[in-house]
Chemist: 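This is the structure I want to talk about, given as structure tokens.
These numbers come from the heavy atoms of this one structure, side chains and all, not from hydrogens, waters or symmetry mates.
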Amino acid sequence: MRISKNSWLINRPIAHRGLWGNGIVENTLAAYQNAIDNGYPIEIDVYCTKDGHPVVFHDKTLVRMTGQDGFIFDKTLDELKALKILGTTESIPTFNQVLELCENKTPLLIELKDQPDKSYVERVVKRLKEYKGEFAVQSFNPLIINKIRKLAPEFIRGILATNVAEEESKFTQYVVKNMPLNFLIKPDFISYYYGGIPLKKGKLKDKPLICWTVTDKEIYQKVKPYVNNIIFENFIP
């Protein structure tokens, strides 16, 4: 196992999209700073703009967080910077901004999102090879993880999965639920939706299990005996 027993990845609850609430909005620099101030690692999501800039944002579409229509990967960085998040003064942060904020201050669990142009993965990997802080990477798409395995075999990498996949393709649903390509991508850990916990040992194969996204103490107590760590929001573990 490449993850030590003392690793943050399996010992410190991870703040989902930063530590937000009480006026602090998810996936903003303020939420990341709040997580740093309170000693939590941070889970972030990375897309790439139309003009090739990795940015930190969870949703594929912009409407929920900015009120604007369109896919995030169809916009340029300048177009995104003109938008404000949920009526605040915060804008969508770039990947570089988040790395600069968090470097040597708190670990990052970085989800690489699926989008039509996957060449951005190479740029993310190149930047992370220069990064001095602690991090791990994960994705729902096993092909993205396999690319990372080839480009940066030293990176700790995980596969995201869920028992309630709603993908349009039945094949994609099967992959996201059952992780059939783990033999190829060789993940170091599995990150699974709490509704599917506990997982059968045959799926885990002795790999550390992280549970997402735990939203209250009741769910936490239910899954705690079966997982190594959680990604959380809306409460303090």
Side-chain angles (χ1 to χ4, degrees), residues 1-22 24-49 52-58 77 80-81 85 88-113 120-139 144-145 147-149 151-160 187-189 191 207-208 210-214 227-233 236-237:
M1 184 186 297
R2 299 199 304 159
I3 300 173
S4 76
K5 293 181 179 179
N6 297 321
S7 172
W8 63 272
L9 193 58
I10 57 175
N11 287 290
R12 292 166 60 188
I14 301 166
H16 189 229
R17 310 175 197 170
L19 192 62
W20 50 276
N22 298 319
I24 299 175
V25 179
E26 66 181 75
N27 262 342
T28 60
L29 294 177
Y32 306 142
Q33 185 63 58
N34 195 32
I36 292 169
D37 293 344
N38 285 277
Y40 289 108
I42 304 168
E43 182 271 349
I44 65 172
D45 310 277
V46 179
Y47 276 108
C48 192
T49 64
H53 297 276
V55 292
V56 178
F57 197 72
H58 173 267
L77 182 60
L80 293 181
K81 283 299 182 184
I85 297 178
T88 68
T89 58
E90 296 269 0
S91 57
I92 296 170
T94 66
F95 187 49
N96 276 333
Q97 282 179 302
V98 177
L99 293 185
E100 288 168 4
L101 177 68
C102 297
E103 190 164 21
N104 293 321
K105 295 177 183 175
T106 198
L108 290 172
L109 179 55
I110 303 165
E111 178 183 345
L112 281 80
K113 305 293 279 188
Y120 86 98
V121 175
E122 284 90 341
R123 292 191 290 280
V124 169
V125 168
K126 181 179 179 181
R127 179 64 180 88
L128 286 173
K129 285 190 174 186
E130 302 167 350
Y131 186 61
K132 304 303 181 185
E134 294 181 286
F135 69 91
V137 296
Q138 62 179 2
S139 180
I144 288 177
I145 295 302
K147 180 179 285 190
I148 292 171
R149 181 180 72 87
L151 293 171
E154 71 275 18
F155 287 8
I156 297 298
R157 57 187 181 270
I159 188 70
L160 277 156
D188 296 295
F189 65 94
S191 190
K207 298 183 187 301
I210 299 172
C211 175
W212 58 271
T213 298
V214 176
V227 303
N228 298 94
N229 199 7
I230 64 165
I231 299 169
F232 73 93
E233 67 180 26
I236 299 299

Chemist: Quick check: closest heavy atoms across Ile145 and Gly158, and the distance to 0.1 Å?
Modeler: CD1-O, 3.4 Å
Chemist: Do you know which two heavy atoms are closest between Ser139 and Glu111, and how far apart they sit?
Modeler: CA-CG, 4.4 Å
Chemist: Hey, are the side chains of Phe57 and Leu80 touching, using non-hydrogen atoms and a 4.5 Å cut-off?
Modeler: no
Chemist: Please confirm whether the backbone N or O of Arg17 pairs with a side-chain atom of Glu43, one donor and one acceptor, at under 3.5 Å?
Modeler: yes
Chemist: Using 0.5 Å steps for rounding, measure from the CD1 atom of Ile144 to the CZ atom of Arg149.
Modeler: 15.0 Å
Chemist: So do Glu122 and Lys147 actually touch side chain to side chain, heavy atoms under 4.5 Å?
Modeler: yes
Chemist: Looking at every heavy atom in both Ile42 and Cys102, which two are closest together, and how far apart are they?
Modeler: CD1-SG, 3.9 Å
Chemist: Side chains of Asn27 and Tyr32: does their closest heavy-atom pair fall under 4.5 Å?
Modeler: yes
Chemist: Apply the test side-chain contact (heavy atoms from CB on, under 4.5 Å) to residues Leu112 and Ile148: give CA-CA distance (whole Å), side-chain angles for both, the deciding distance (0.1 Å), then the verdict.
Modeler: CA-CA 10 Å; Leu112 281 80; Ile148 292 171; 4.0 Å; yes
Chemist: Roughly how far apart are Leu19 CG and Asn34 CG, rounded to 0.5 Å?
Modeler: 4.5 Å
Chemist: Rounded to the nearest 0.5 Å, how far apart are CD of Glu134 and CG of Asn104?
Modeler: 8.5 Å
Chemist: Below 4.5 Å, heavy atoms only, C-beta onward: do Val25 and Glu90 meet side chain to side chain?
Modeler: no
Chemist: Please evaluate residues Leu108 and Tyr131 with respect to the criterion side-chain contact (heavy atoms from CB on, under 4.5 Å), reporting the C-alpha separation (whole Å), side-chain torsions for both, the decisive distance (0.1 Å), and the verdict.
Modeler: CA-CA 11 Å; Leu108 290 172; Tyr131 186 61; 3.7 Å; yes
Chemist: What I'd like to find out is whether the side chain of Ile110 reaches to under 4.5 Å of the side chain of Leu128, using heavy atoms alone.
Modeler: yes
Chemist: Of all heavy-atom pairs between Asn228 and Pro208, which one has the smallest distance, and what is that distance?
Modeler: OD1-CA, 3.2 Å
Chemist: Could you check whether any side-chain N or O of Asn229 sits under 3.5 Å from a backbone N or O of Leu9, counting only pairs where one atom can act as donor and the other as acceptor?
Modeler: yes
Chemist: Without swapping roles, check the side chain of Thr106 against the backbone of Tyr40 for a donor-acceptor pair under 3.5 Å.
Modeler: yes
Chemist: Going from CD on Glu233 to NE2 on His16, what distance comes out if it is rounded to the nearest 0.5 angstrom?
Modeler: 5.5 Å
Chemist: Less than 4.5 Å apart, side chain to side chain, heavy atoms only: is that true for Phe189 and Ile156?
Modeler: yes
Chemist: Verify whether the ring centers belonging to Tyr47 and Tyr120 lie closer than 6.0 Å.
Modeler: no
Chemist: Measure the spacing between CG of Leu29 and CD of Gln97 and express it to the nearest 0.5 Å.
Modeler: 5.5 Å
Chemist: Give me the one residue out of Thr94, Ile92, Val55 that meets side chain to side chain contact (heavy atoms under 4.5 Å, CB included) with Lys81.
Modeler: Thr94
Chemist: With the side chain counted from C-beta on, respond yes when Arg157 and Gln138 share a heavy-atom pair under 4.5 Å apart, and no when they do not.
Modeler: no
Chemist: Which pair of non-hydrogen atoms, one from Cys48 and one from Gly52, has the smallest distance, and what is that distance?
Modeler: SG-C, 3.4 Å
Chemist: Once you round to the nearest 0.5 Å, how far does CD of Glu26 lie from CG of Asp45?
Modeler: 9.0 Å
Chemist: Restricting to non-hydrogen atoms, name the atom on Lys113 and the atom on His58 that form the minimum distance, rounded to 0.1 Å.
Modeler: CE-O, 3.3 Å
Chemist: With a 4.5 Å limit on heavy-atom distance, are the side chains of Trp8 and Ile14 in contact?
Modeler: yes
